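Working notes, beginning with the structure itself.
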Amino acid sequence: KGMKIRSSLTATDLADPKGVLSLHAYANDRGMRLTYPVPLEVFVGYGEWFQTHAVADLDTRRVNRIEAAGERFFLLLDDGDRVVAERVVMATGLANQEFRPAQFAGLSTDLVSHTSEHADLGRFRNKRVAVIGRGQSACESAALLNLAGADVELISRGDIHWLGAVSADADRPTNLIWRLHKILASKSGVGSFPFDWLADLPGVVRHLPPNVRARFTAHCIRAGATRWLKPRFEGVKTGPARNIVGARTTGSQISLQFDNGSATFDHILLATGYHINIAKLGLLAPEVLEQVRCANGSPLLSTGFESSMRGLHFVGASAVESYGPLMRFVAGSGYAARQVTQALLVNRSLPRRARSEDAHKPVFVDADGGFLREPMAR
């Protein structure tokens with residue numbers, strides 16, 4: 001509640017084959033005026049509007065487990081039903097992928113939680129809260145906690161990297177530089193110029209040597225916060241860079257030990273990002289996981305976003321390891337959708353094995369465990 005979308009208006013459109021279901025089209029349909037940054041509730045409304053227009057036939061039953069059955073997959077659903085498919089596309093986003101530093105392992109969730117677990121930070125009113133991190137999630141959470149009436153402190157290992165111009169009233173040199181940056185920036189704006197133009201070419205990024213691709217991705221999505229947050233930062237404590245060496249509970253509070261002292265808080269909010277590990281999705285059976293080659297928990301993908309297990313595809317954040325930083329953002333959805341669709345269509349043109357038409361339909365699994373029986377783009 002209260003969050004705003006970091007992406008620019010040009011990088012916030014969901015992809016559709018005809019390019020008619022844009023954020024601006026939604027705003028026009030609803031008679032609203034778009035402003036930047038876009039409030040989260042506006043983007044959520046846009047997503048629901050997009051779904052009703054693009055994929056109205058949505059099956060919202062939860063997928064509990066995906067098993068291998070020869071050259072097919074069995075999807076076991078929460079109502080006991082079973083879906084058979086030859087191809088499954090995993091579009092589960094960052095579900096269950098939150099990263100928790102080892103210092104906080106085993107501590108009560110009443111005292112330590114991740115930003116992904118909260119929809120409203122109002123519950124922390126009059127509490128002393130430490131936010132761990134220095135990216136967009138950390139800085140915006142700190143600002144919202146402050147607005148909610150919490151005594152909040154941002155703790156990080158380095159200074160905040162502020163992105164963009166403050167406002168139209170920014171000093172002239174900064175404003176001119178930022179205007180030039182906006183002119184030269186790619187549509188997605190993922191990464192700094194000129195790296196953003198390479199990020200917009202995931203098909204090229206995929207062919208970079210793995211170590212080069214990893215460094216490039218890390219550079220493009222390094223921790224940073226949009227500068228429009230700065231005016232909302234008044235009242236947020238930001239001390240010097242500190243390393244957390246330990247954490248322990250003291251009654252109903254939690255104490256953090258630093259390399260240069262300690263401090264006690266009512267709650268620790270981890271804005272420590274995400275680390276992809278497909279085993280943590282909780283959906284893939286062991287025999288499926290064994291057949292998917294991974295690097296650091298991320299599946300290694302070939303053409304069409306296909307994993308080493310034939311017929312199993314991964315898009316979104318799970319594809320960053322293979323296709324680069326664009327896959328982490330909405331701006332990458334169009335490329336992924338086109339590539340997966342092309343792979344599915346090529347497969348359909350090949351001689352068919354004995355199979356039912358229903359099993360031939362690809363299944364798209366989303367973050368909530370619901371699934372679609374047909375691809376959106378044909």
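A quick note: this is a predicted structure, and the numbers were derived from the prediction, not measured.
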**Asked** Any chance CZ of Arg30 has more than 12 other-residue heavy atoms, nucleotides or ligands included, within less than 6.0 Å?
**Response** yes
**Item:** Minimum heavy-atom distance Gly47-Leu14, with the two atoms named
**Value:** CA-CD1, 4.2 Å
**Prompt:** Is Asp159 atom CG crowded by more than 12 heavy atoms from other residues, nucleotides or ligands, each under 6.0 Å away?
**Reply:** no
**Prompt:** Excluding sequence neighbours, so at least two apart, what forms side chain to side chain contact (heavy atoms under 4.5 Å, CB included) with Asp120?
**Reply:** Lys1
**Message:** Hydrophobic clustering (ILVMFWY, side-chain heavy atoms < 4.5 Å, transitive) - are Val340 and Val292 grouped together?
**Reply:** yes
**Prompt:** If you draw a 6.0 Å radius around CD in Glu234, do more than 12 non-hydrogen atoms from other residues or ligands fall strictly inside?
**Reply:** no
**Message:** Can you give me the closest heavy-atom contact between Gly133 and Ser156, atom names plus distance?
**Reply:** O-CB, 3.6 Å
**Message:** Can a side-chain donor-acceptor contact be found between Ser22 and His24 if the only test is distance below 3.5 angstrom?
**Reply:** no
**Message:** Taking the side chain as everything from C-beta on, heavy atoms only, tell me whether Ile244 gets closer than 4.5 Å to Phe258.
**Reply:** yes
**Prompt:** Is any side-chain heavy atom of Gln257 closer than 4.5 Å to a side-chain heavy atom of Arg248?
**Reply:** yes
**Closest heavy-atom pair and its distance - Asn146, Arg232** = ND2-O, 4.3 Å
**Prompt:** Do the side chain of Gln136 and the main chain of Thr226 share a donor and acceptor less than 3.5 angstrom apart?
**Reply:** yes
**Asked** Are side-chain heavy atoms of Ser113 and Leu269 found at a separation under 4.5 Å?
**Response** yes
**Prompt:** Between atom CZ of Phe43 and atom OG1 of Thr12, what is the distance when rounded to the nearest 0.5 Å?
**Reply:** 6.5 Å
**Request:** Show your working on side chain to side chain contact (heavy atoms under 4.5 Å, CB included) between Phe124 and Asp266 and close with a plain yes or no.
**Result:** CA-CA 9 Å; Phe124 295 111; Asp266 295 314; over 6 Å; no
**Message:** Less than 4.5 Å apart, side chain to side chain, heavy atoms only: is that true for Leu163 and His161?
**Reply:** yes
**Interatomic distance, Asn277 atom CG to Cys294 atom SG [nearest 0.5 angstrom]** = 7.5 Å
**Asked** Would you say the side-chain atoms of Ser298 pair up with the backbone N or O of Glu321, donor to acceptor, closer than 3.5 Å?
**Response** no
**Fill in**
Looking only at heavy atoms, the pair that brings Ala138 and Ile132 closest together is CB-O, 4.5 Å
**Request:** Consider only side-chain N and O atoms of Arg87 and His313, and report whether a donor and an acceptor are under 3.5 Å apart.
**Result:** yes
**Message:** Any side-chain to backbone donor/acceptor pair from Thr238 onto Leu154? Under 3.5 Å, distance only.
**Reply:** no
**Message:** Closer than 4.0 angstrom, basic N to acidic O: yes or no for Arg128 and Asp151?
**Reply:** yes
**Under 3.5 Å: donor-acceptor pair, side chain of Arg206, backbone of Ser302** = no
**Request:** Specify the closest pair of heavy atoms between Pro325 and Phe216, including all atoms of both residues, with the distance to one decimal.
**Result:** CD-CE2, 3.8 Å
**Request:** Take the angle between the ring planes of Phe233 and Trp162 and call it parallel below 30°, perpendicular above 60°, tilted in between.
**Result:** perpendicular
**Request:** Locate the shortest heavy-atom distance separating Ile276 from Gln97; write the atom from each residue and the value.
**Result:** CA-OE1, 3.0 Å
**Message:** Just so I know, are the side chains of Phe74 and Val84 near enough to count as touching, which here means a heavy-atom distance under 4.5 Å?
**Reply:** yes
**Request:** Report yes or no: do Gln253 and Ser255 form a side-chain donor-acceptor pair below 3.5 Å?
**Result:** no
**Asked** According to a 4.5 Å side-chain heavy-atom criterion applied to Ile, Leu, Val, Met, Phe, Trp and Tyr, with indirect links allowed, do Val20 and Tyr46 form part of one hydrophobic cluster?
**Response** yes
**Request:** For side chain to side chain contact (heavy atoms under 4.5 Å, CB included), just list the numbers for Arg328 and Val190, CA-CA rounded to whole Å, side-chain angles, deciding distance to a tenth of an Å, and then say yes or no.
**Result:** CA-CA 9 Å; Arg328 182 74 175 267; Val190 176; over 6 Å; no
**Prompt:** So, the side chain of Glu140 versus the backbone of Lys4: is there a donor-acceptor pair under 3.5 Å, distance only?
**Reply:** yes
**Message:** Is the shortest side-chain heavy-atom distance between Leu256 and Arg242 below 4.5 Å?
**Reply:** no
**Request:** Decide yes or no on ring pair (Phe, Tyr, Trp, His ring centres under 6.0 Å) for Tyr26 and His53, but give the supporting numbers first.
**Result:** CA-CA 11 Å; Tyr26 164 70; His53 285 77; 9.2 Å; no
**Message:** Distance check, rounded to the nearest 0.5 Å: Ile160 atom CD1 versus Arg227 atom CZ?
**Reply:** 10.5 Å
**Request:** Starting at NZ of Lys280, measure out to CZ of Phe99 and round the result to the nearest 0.5 Å.
**Result:** 9.0 Å
**Message:** Under the side chain to side chain contact (heavy atoms under 4.5 Å, CB included) test against Leu75, which residue among Leu283, Asn64, Val88 passes?
**Reply:** Val88
**Message:** Quick one: does any side-chain atom of Thr52 pair with a main-chain N or O of Trp49 as donor and acceptor, under 3.5 Å?
**Reply:** yes
**Message:** Under 4.5 Å between side-chain heavy atoms, counting indirect links through other Ile/Leu/Val/Met/Phe/Trp/Tyr residues: same cluster for Val152 and Met3 or not?
**Reply:** yes
**Separation between CG of Leu145 and NE2 of His118, rounded to the nearest 0.5 Å** = 8.5 Å
**Prompt:** Do the non-hydrogen side-chain atoms of Glu98 and Leu270 ever get within less than 4.5 Å of each other?
**Reply:** no
**Message:** With a 4.5 Å cut-off on side-chain heavy atoms, are Phe329 and Ser188 touching?
**Reply:** no
**Request:** Would you confirm whether Glu306, through its side chain, and Gly311, through its main-chain N or O, come within 3.5 Å as a donor-acceptor pair?
**Result:** yes
**Request:** Spell out, as yes or no, whether a donor-acceptor pair under 3.5 Å connects the side chain of Tyr36 to the backbone of Ile5.
**Result:** no
**Request:** Start with the C-alpha distance between Val330 and Ser7, add both sets of side-chain angles, then the distance that settles side chain to side chain contact (heavy atoms under 4.5 Å, CB included), and finish with yes or no.
**Result:** CA-CA 9 Å; Val330 168; Ser7 300; 6.0 Å; no
**Request:** Could you walk me through whether Ser116 and Leu94 pass side chain to side chain contact (heavy atoms under 4.5 Å, CB included), step by step?
**Result:** CA-CA 9 Å; Ser116 61; Leu94 293 169; over 6 Å; no
**Message:** Whether the side chain of Thr217 engages the backbone of Arg213 through a donor-acceptor N/O pair (distance < 3.5 Å, no angle test) should be reported.
**Reply:** yes
**Prompt:** Is a side-chain donor or acceptor of Thr341 paired with a backbone partner of Arg338 at a separation under 3.5 angstrom?
**Reply:** no
**Request:** Look at the side-chain heavy atoms of Ile, Leu, Val, Met, Phe, Trp and Tyr, link any pair under 4.5 Å apart, and say whether Leu326 and Val204 land in one connected group.
**Result:** no
**Item:** Verify same cluster id: Leu111, Ile155 (apolar side-chain graph, 4.5 Å)
**Value:** yes
**Prompt:** For the atom pair CZ (Phe73) and CZ (Arg310), what is the distance rounded to the nearest 0.5 Å?
**Reply:** 9.0 Å
